[in-house]
2 protein chains.
Amino acid sequence: MMIERGARNEASAASKAESILAAAKRMFLESGFGAVSMDAIARAAGVSKATVYAHFAGKEELFGAVIARECERYLSEFSTGELDPGNARTSLAMLGRRFLELLLSPDALALHRIILGEVGRFPALGEVFWRAGPERNLGQIEAFLTAAARAGSLEITDARLAAEQFAALVRGEVQLRHLLRLEQNADGPGVATLVDAAVDTFLRAFGRRGPQR
Amino acid sequence: MMIERGARNEASAASKAESILAAAKRMFLESGFGAVSMDAIARAAGVSKATVYAHFAGKEELFGAVIARECERYLSEFSTGELDPGNARTSLAMLGRRFLELLLSPDALALHRIILGEVGRFPALGEVFWRAGPERNLGQIEAFLTAAARAGSLEITDARLAAEQFAALVRGEVQLRHLLRLEQNADGPGVATLVDAAVDTFLRAFGRRGPQR
DNA sequence: GTCTATACAGTGATAGAC
DNA sequence: GTCTATCACTGTATAGAC
């Protein structure tokens, strides 16, 4: 009797923690930290405020849990196994397209906005995010560039620097325009077009024998 | 008597509005919108809360006034008159260095953070900022690239695209690391080194006959 | 216009019953 | 663990005297 009640409550507790995190994620990413109240989160999650405080010590801890969780989702993103170091153009276009599609996804944009907006108040956010997102992407790009240089399809001396420059070319100004809400994902030239332009420029700088001319 | 008093008060009013704006700027840029109270702004400006509300209809209007004002300060920045379209490397290095120094200045970083953080709540911020900052810089770069292409020191077909790519190369990842508070202005390779690397890559892609080899 | 004082709403957080 | 009810506190905004 007490055991049954305990078991049911444990399951219920896990599920409620989940609803709280889901509601908090949605509201924080949408409206920022300061504009969201614990009351609103509790209401959206269908629980009482006291329940929220039973699971999370306070608003800041709940915020940290949400952001850390979202950052970790990026850690299990794509692999680079199927890239061909012998074919730089095709591989870079594929790498760049996945990179840019991730950057322009609504969740990633919202995460960027809130982290940049709150990194002053929560300094730890900066490093958590950097390691979960940008640094990891740069590492993958650098690994491919190193392999491609070894395979002879690229002429690269400083792979880390080249990786940063490739990432910068792909990102261009389009990410900023999206962050500022000047463009929606559909507007403007498509992702593929932007990436192709970036790959063109990158290969003119680092390609072994320019492909055209 | 009443006139003297009125005149003194007008002057005093203008000066108080100025103190309020200055205090609000400092606090908003430092802590964001939600974390700053009207009470704290009034205290920092040395006036009463009622005086703040006499000059600005509310917190949002005061915030908008501060941000619009900061954005306009960027509009009167540097000129491109002294650049030499015949010497692409030197001119691009100078252009890039001023661009990056501006981007990494504490005020610009704080402005970026708060605008990105609050653009969800204040959609107008995005366009105001874009026109005051990035768009203007891109226009200057594009104008120089066009002149350099005409002068024969660069091979450029789409000057707008090339300008975006140059800006992206210069900005690289260093702006993001600063925004995330992972680096201070002093850390890492100096601005000049970063810009030189960006100019190198840009000239390998767009230079008329690579300068080396 | 400017101040002091205050009304009012909404916040984060908790106590006690179940 | 979960709820209802409530706490103390802060921030927004206004009234009224000067």
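So that the names make sense, note that chain A is the first sequence line, chain B the second, and so on, each numbered from 1.
Note that B:R171 lies outside the cation-pi zone of B:F99, set by a 6.0 Å cut-off to the ring centre and a 45° limit from the axis.
Taking only side-chain nitrogens and oxygens, A:K16 comes nearer than 4.0 Å to OP1 or OP2 of D:dC3. Regarding contacts with the backbone of D:dT12, a side-chain N or O of B:K59 is found under 4.0 angstrom from either OP1 or OP2.
As rounded to whole Å, 11 Å separates atom P of D:dT12 from atom CZ of B:R43. One interatomic measurement links the two molecules: CG of A:D39 to P of D:dC9, which rounds to 20 Å at whole-angstrom precision. The interatomic distance linking B:F33 (CZ) with D:dT12 (P) rounds to 8 Å, in whole Å. Look at CZ on B:F56: it is 20 Å from P on D:dG11, rounded to the nearest Å. Distance CD (B:E61) to P (D:dT12): 14 Å, rounded to an integer number of Å. Put simply, CG on B:L62 is 13 Å from C1' on D:dT12, counting in whole angstrom units. Between the C1' atom of C:dG10 and the CD1 atom of A:I41 lies a distance of 15 Å, rounded to the nearest Å.
If B:G46 and A:V36 are placed on DNA chain C by their nearest nucleotide, the residue sitting closer to the 5' end is B:G46. When each of A:A57 and B:A54 is assigned the nucleotide of DNA chain C with its nearest heavy atom, B:A54 is the one assigned upstream, toward the 5' end.
Base contact: B:K49 has a heavy atom under 4.0 Å from a base atom. Within the 4.0 angstrom heavy-atom criterion, base atoms lie near B:S48. At the heavy-atom level, B:V52 lies nowhere under 4.0 Å from the strands shown.
Heavy atoms of other residues, nucleotides or ligands lying less than 6.0 angstrom from CD of B:E135 number more than 12. Atom CD of B:E101 is surrounded by more than 12 heavy atoms from other residues, nucleotides or ligands within 6.0 Å.
The shortest non-hydrogen separation linking A:S91 to A:F144 is CB-CZ, 3.2 Å.
The closest side-chain heavy-atom distance from B:E173 to A:W130 is below 4.5 Å.
Set against C:dT14, D:dT2, D:dT14, the side chain of B:Y53 has D:dT14 as its closest nucleotide. Out of D:dT4, C:dC3, C:dT2, the shortest distance to the side chain of B:A50 is found at C:dC3.
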